[in-house]
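Below is one structure; the comments refer to it alone.
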Amino acid sequence: MTKVATRFAPSPTGPLHIGGIRTALFNWLYSKNQKGSFFLRIEDTDKERSKEEYKNQIIQSLKWIGIESDGNEYIQSKKIDDHIKIANELLKNGHAYKCYCSNEEIEEQKNRAKQKKIPYIYDRKWRDKSEADAPQDIKPAIRFKSKIDGSTLLKDLVQGDIEIENNTIEDFIILRNDGSPTYNLSASVDDHQMNITHIIRGDDHKINTFKQMQIYLAMKWTLPSFAHIPLIHTTEGKKLSKRDKASTLDDYSKIGVMPEALRNYLLRLGWSFKDKEIFTLEESIQHFSLEGIGKSPSKLDMSRILSINEHYIKNMNEDDLFNHLTKYCENYKDKIDSKSKNIKKSLSFLKNKARTLEGIYNNAQYLIKDKIKISSEDQKLLDSLAKTILKDFLKEFQNLTNINKENLEKIINNLIKKNKTNFKGVGQPLRVALVGSKFGPGIYDIIISLDKNEVIERLKAAS
RNA sequence: GGUCCCUUCGUCUAUCGGUUAGGACACAUGGUUUUCAUCCAUGAAAGAGGGGUUCGAUUCCCCUAGGGACCGCCA
């Protein structure tokens, strides 16, 4: 049996959107599950729109989520000569022909079709015309001689059997009149030369598949298997595109979604394995299969992404979580080096209050910032009684040599008794004084996580 | 308009002819708790509609409806 090879073939005309990332993920997962190879092919033949920076961004994005290609990326523009060679071969053995229609002529055909409300399909004018009739002033494009009779069956690994009439596939152009190859030609030649065995791509490529199958057949190449995965839809139910908000990877990483979480979310979007929701990378490789992919498109659900992210935050070991956090802060906030020791040891309780890295960052503000700000609303909570409580607490606290929960508890319990109040009566002013808000971590956690002199400073400032 | 695809709770999905149609997220209620959270428990919530096939259909077939993709000398 031949070794499985899959590929992901984006064009570097913008940042990858998460639909693309999911396609890449499925391809990668399938190849790994089959102990095969995964390749990245950069389809950069659209000179106008392709940019080197996007290529790098794509590679980075894939890496971020854990996908790396086997071997160097394949650059399509470097293979153009091969594509042209095949086009000429096709021309020679009668599977393609020169089309001398002018742009105006094609436009006219399209308009006519629109008026009659019939679908436009190139009228195959030059399919059987003699070269002798060719106008001298027009450079021809090369069209593939598509089958007219019969039908073609695609045994799709996700969608099942799909059969369409051959005459609905037009004689598509494979070489433009400037001599450059078009997508369907290039993709077929590349896939063949790369020995791709399984082409897993979005549903929107289905028609291309029928065109590409004909090229394979005409060249007598072994046909790969195809799997068309349903598209990801927006909440409005339309195909997700780069223009949609919250569609690129950066949209998620900047709010503190971690790669493991997004990977897990994307995996379960349109694919399932029994009732299992959380998959380690190894588990996803182990369980991934094309049969597990659903047939209907799925919508993006932000709260689900956040919830999976929350799961990873709470269950990840704290060293890894801390690494994620520092990297996140470096990329999107301020570096937290100077405060990192306090933050790291506080992760055990900070993480329980956050769904994202940004959430942890926000909750850790009282640790990160030297000075805290108390809103005027919260300031009201610091009335005269509260201030005397703070002063009393400070007095005891300063003498404390060993700051731990037991000792703090003693002080606070005494204050509760003395002032005939409850825990809230003491805890709330303390929290406001130390964090700047009535919301925040537990009092003991706050005090222990701060340096002693910092606690003293803040209590003095507030009381 | 043509071709093709899809249709189970709001969302992601399980079910591969016989289930009280399961899980997860979100939602609601209650409990734990020094606040906000976490955590725990409980609840509400689905087979688009109509025909067949069958002893029996969410599951198989057909029709209808709804949704989507494609229809470039872009990829």
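Heavy atoms only: backbone and side chains are in, while hydrogens, waters and symmetry mates are out. Chain letters run A, B, ... following the sequence lines, proteins first and then strands; every chain starts at 1.
- A ring pair (Phe, Tyr, Trp, His ring centres under 6.0 Å) check over residues 147-172 of chain A, counting only residues at least two apart or in different chains, returns the pairs Phe144(A)-Phe172(A).
- Heavy atoms of Gly202(A) sit nowhere under 4.0 angstrom from any nucleic acid atom.
- Along RNA chain B, the nucleotide closest to Arg268(A) and the one closest to Lys206(A) are compared, and the more 5′ of them pairs with Lys206(A).
- No more than 12 heavy atoms of other residues, nucleotides or ligands shown are found within 6.0 angstrom of CG on Asp149(A).
- For Ser272(A), a side-chain nitrogen or oxygen approaches OP1 or OP2 of A14(B) to under 4.0 Å.
- Listed candidates were C5(B), A14(B), C25(B). Nearest to the side chain of Ile162(A) is C5(B).
- Applying the Watson-Crick and G-U wobble criteria (two distances, each under 3.5 Å), C39(B) pairs with G31(B).
- By the 4.0 Å N-to-carboxylate-O rule, Arg41(A) lies close enough to Glu43(A) to be salt-bridged with it.
- The side chain of Lys424(A) contributes no N or O atom lying less than 4.0 Å from OP1 or OP2 of U35(B).
- In the region residues 428-450 of chain A, proximity to RNA chain B at under 4.0 angstrom, judged on heavy atoms, holds for Arg431(A), Lys438(A), Phe439(A), Gly440(A), Pro441(A), Gly442(A), Ile443(A), Tyr444(A).
- Salt-bridge check for Asp46(A) with Arg49(A): passed, with a basic side-chain N closer than 4.0 Å to an acidic carboxylate O.
- Rounded to an integer number of Å, the gap from NZ of Lys276(A) to C1' of U15(B) is 19 Å.
- Going from the C1' atom of C12(B) to that of U7(B) covers 15 Å, rounded to whole Å.
- Comparing C63(B) with C73(B), their P atoms are spaced 34 Å from each other, to the whole Å.
- Atom pair Leu267(A):CG and C12(B):C1' shows a separation of 12 Å (rounding to whole Å applied).
- Spacing between A24(B) and A45(B) at atom C1', rounded to whole Å, works out to 14 Å.
- Asp251(A) places a side-chain N or O within 3.5 Å of a backbone atom of Thr248(A) that can act as its donor or acceptor partner.
- Across G50(B) and A37(B), the matching P atoms stand 45 Å from one another, rounded to whole Å.
- Trp28(A) has its ring centre no less than 6.0 Å from the ring centre of Phe288(A).
- Using modelled atom types, one finds no donor on one side chain facing an acceptor on the other under 3.5 Å when comparing His228(A) with Asp203(A).
- Donor-acceptor pairing under 3.5 Å is lacking for the side chains of Asn166(A) and Ser151(A).
- Judged as a ring pair (Phe, Tyr, Trp, His ring centres under 6.0 Å), not a single pair has a partner in residues 408-450 of chain A (not counting sequence neighbours).
- Partner Asp190(A) forms a side-chain hydrogen bond (donor to acceptor under 3.5 Å, both in side chains) with one of Lys79(A), Arg7(A), Gln76(A) and no other, that one being Gln76(A).
- Side-chain contact check for Asp178(A) and Ser180(A): at least one donor-acceptor pair (N or O, by modelled atom type) lies under 3.5 Å.
- Here the separation of U59(B) from U8(B), taken at their P atoms, is 12 Å to the nearest Å.
- One finds no salt bridge joining Lys55(A) and Asp44(A) here, because no Lys/Arg side-chain nitrogen approaches an Asp/Glu carboxylate oxygen to under 4.0 Å.
- Look at the P atom in both G23(B) and A44(B): the space between them is 12 Å, to the nearest Å.
- Using N1 to N3 plus N6-O4 or O6-N4 for Watson-Crick, or N1-O2 and O6-N3 for G-U wobble, each under 3.5 Å, A65(B) pairs with U7(B).
- When distances are taken from the side chain of Ser298(A) to each of C12(B), A69(B), G22(B), the shortest belongs to C12(B).
- In this entry C55(B) has G18(B) as its Watson-Crick or G-U wobble partner, both defining distances falling under 3.5 Å.
- Residues forming a ring-ring contact (aromatic ring centres under 6.0 Å, His included) with Tyr100(A) (at least two apart in sequence, or on another chain): Trp126(A).
- Rounded to a whole Å, the NE2 atom of His311(A) is 17 Å from the C1' atom of A26(B).
- Checking U11(B), C12(B), C5(B) against every side-chain atom of Leu269(A), the shortest atom distance belongs to C12(B).
- Here, U3(B) and A46(B) have their C1' atoms 32 Å apart, quoted to the whole Å.
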Quiz prompt | Footprint string (nucleotides 70-75 of chain B, 5' to 3'): B base within contact, S backbone only, - free, heavy atoms under 4.0 Å | solution = SSSBBB
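- Within 4.0 Å (heavy atoms only), Arg355(A) reaches sugar-phosphate atoms of the nucleic acid but no base atom.
- Taking the P atoms as reference points, A75(B) lies 39 Å from C60(B), given to the whole Å.
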Self-check item: Sugar-phosphate or base contact per nucleotide [nucleotides 37-48 of chain B; S, B, -; heavy atom under 4.0 Å]
Solution: SS----------
